[in-house]
Amino acid sequence: MTEATYNFGMIGLGTMGRNLLLNMADHGFPVAGYDINPDQVAGFEKEGEGKPVKGFTDLKAMTQSLTKPRAIMMLVPAGKPVDSVIDNLLPLLEPGDIIIDGGNSHFTDTVIRDKFLDSKGFHFFGMGISGGEEGARKGPSMMPGGDKAAYLTLKPIFDAIAAKVDGVPCVTYIGPGAAGHFVKMVHNGIEYGLMQLIAETYEVLRKGLQLNTGELHALFAEWNEGRLQSFLIEVTRDIFGFKEPGSDQYLLDRIKDQAKSKGTGKWTSQVAMDLEVPIPTIDTAVAMRDLSKYKVLRTKAAKVYDEPIAVLNVDKAEFLKTVEQALYFSTILTYAQGLDLLYRSSIAYGYQLNLAEISKIWRGGCIIRATFLNDIFNAYEKAPSLEHLLLDESVADLVNGSVAGMRSVVSQAVSAGIALPAFASTLTYFDAFRSENMPSNLIQAQRDYFGAHTYELIGKDGVFHTHWTPLPGKP
Ligand code: 6PG
């Protein structure tokens, strides 16, 4: 039997689990990892040579190798696998031990598991982890929620392995219950929105301006030096520059145009609809991944509606400036929608979210890290109960300064038949958001006309119903 010397255990030695453990070991924490697959275990031990790590294919032996109270993280695919790991694990643990779900679990599952594990005397918390493979190894952004006391016991480990911005670790206690997984889900929703906007930027530039992949590489490299700087722009820059060894063709040009997903974007939209929070940029991003899968249908439709896409008749340098503005504008609006969802979910679910702290820990390590997060952080630090990001004066200046470019890009692309659905829905969200009067009075009248659903009147209390059709025999 292995002596109980390891401070932290991991179930699931896929890339994320393995890299997080190696990151902990780099910071001097002795760690143990379990995987059902012996190759993963061997790979982990090989990579961890010379570090305080130990791999196991026997779950019981792994749990026995841990110091008490044991701290064990699960990093397995969301859904049933998490429950089956918990089932296998519980007989091997003792009350007081800490179980952490570090995967992208649906927050409603986390609520159920939290109650169940608490009733059995275990500490449990759900923790969103962002940053992918490299983030896990070198410093992720982490969003723990739930059992605060249990989190605080492990805080030194998470502080040590987290990404740092100005020396501050990108990890903070998010809130009670499933708050950590909820915030990670919204992070991913924002990620979906930003990725779709970048993809549409690619579309307008390659179809409207006929830029080739090499030119796009140079453009994104330039943008990444300016206010658009972000991890996703950086990633896109690298993709535009990538050719496989021995090939003179860009890999991107050979990749099928069908986007997959694991569900977190869809969950964000579903929850937003349940809470009646409009996040159309994210909704559109989810829908466009779905439409991309209609390859066969799209190919047929392309023949039926064979309308040539017009190359834009614009000054190239000027148009590139407007595209930069449009992307900046829609980036701000995407974060604003995601943060609105956090603001309102915090009230609905009692999460007590601190949006300044959340934007602070998103500045490093995670997929949506961006220079603009500093502006978001400043806005919420200045006004912690800010109701909507677009009401911050400094953010409003940035929006006002880029909206003209946004209008120009959307209108020109729409006229040319170039699909920019996320750009268009972002702009129309903005225009509706800044409208004191929306045409929704007509919707109320229609509802009352056909369904007697009643309406309210301006300047008069109460609800009213009208017989809208003329009385029989009268004109
Ligand atoms: C992260 C990512 C990570 C993962 C997404 C991908 O924050 O590190 O968001 O969680 O890459 O789940 O999601 P899709 O497969 O749905 O695009």
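Counting starts at 1 for both ligands and their atoms, following the listed order. Along the sequence shown, the residues carry numbers beginning at 1.
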Which ligand 1 atoms are under 4.0 Å away from a heavy-atom of [X]?
X    : result
Y192 : 14 (P), 16 (O), 17 (O)
N188 : 5 (C), 7 (O), 9 (O), 10 (O), 12 (O)
H187 : 7 (O)
I367 : 1 (C), 2 (C), 7 (O), 8 (O)

Would you please determine whether [X] falls within less than 4.0 Å of ligand 1 on a heavy-atom basis?
X    : answer
R289 : yes
G265 : no
G132 : yes

_Validation row: T371, S230 side chains within 4.5 angstrom (heavy atoms)_ =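 The answer is no, as the side chains (C-beta and beyond) never meet within the 4.5 Å cut-off.
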
How far is [atom] from its nearest protein heavy atom, and which residue and atom is that?
atom                   : answer
atom 7 (O) of ligand 1 : S130 OG, 2.5 Å
atom 8 (O) of ligand 1 : G131 N, 3.0 Å
atom 9 (O) of ligand 1 : E191 OE1, 2.6 Å

Show me the donor-acceptor pairs within less than 3.5 Å that the side chains of residues 189-198 make with the rest of the protein, sequence neighbours left out.
residue : atom : partner : partner atom : Å
Q196    : NE2  : E200    : OE2          : 2.7

*Could D248 and K243 be called an ion pair, given the rule that one side-chain N must be under 4.0 Å from one carboxylate O?*
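Judged by the 4.0 Å cut-off on N to carboxylate O distance, D248 and K243 do not form a salt bridge.
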
N/O donor-acceptor pair under 3.5 Å between [X] side chain and [Y] backbone:
X    : Y    : result
R298 : S292 : yes
H181 : D101 : yes
S105 : T110 : no

*With D83 via salt bridge (charged side-chain N to carboxylate O under 4.0 Å, His left out) - residues at least two apart*: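 D83 satisfies salt bridge (charged side-chain N to carboxylate O under 4.0 Å, His left out) with R113 only.
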
*Are any of the N or O atoms of N104 closer than 3.5 Å to those of ligand 1?*
yes

_K260 N/O to ligand 1 N/O under 3.5 Å_ = no

*Report the C-alpha separation of N188 and K184 in whole Å, then their side-chain angles, then the decisive distance to 0.1 Å, and conclude whether the side-chain hydrogen bond (donor to acceptor under 3.5 Å, both in side chains) test is met.*
CA-CA 6 Å; N188 280 28; K184 174 59 174 34; 3.0 Å; yes

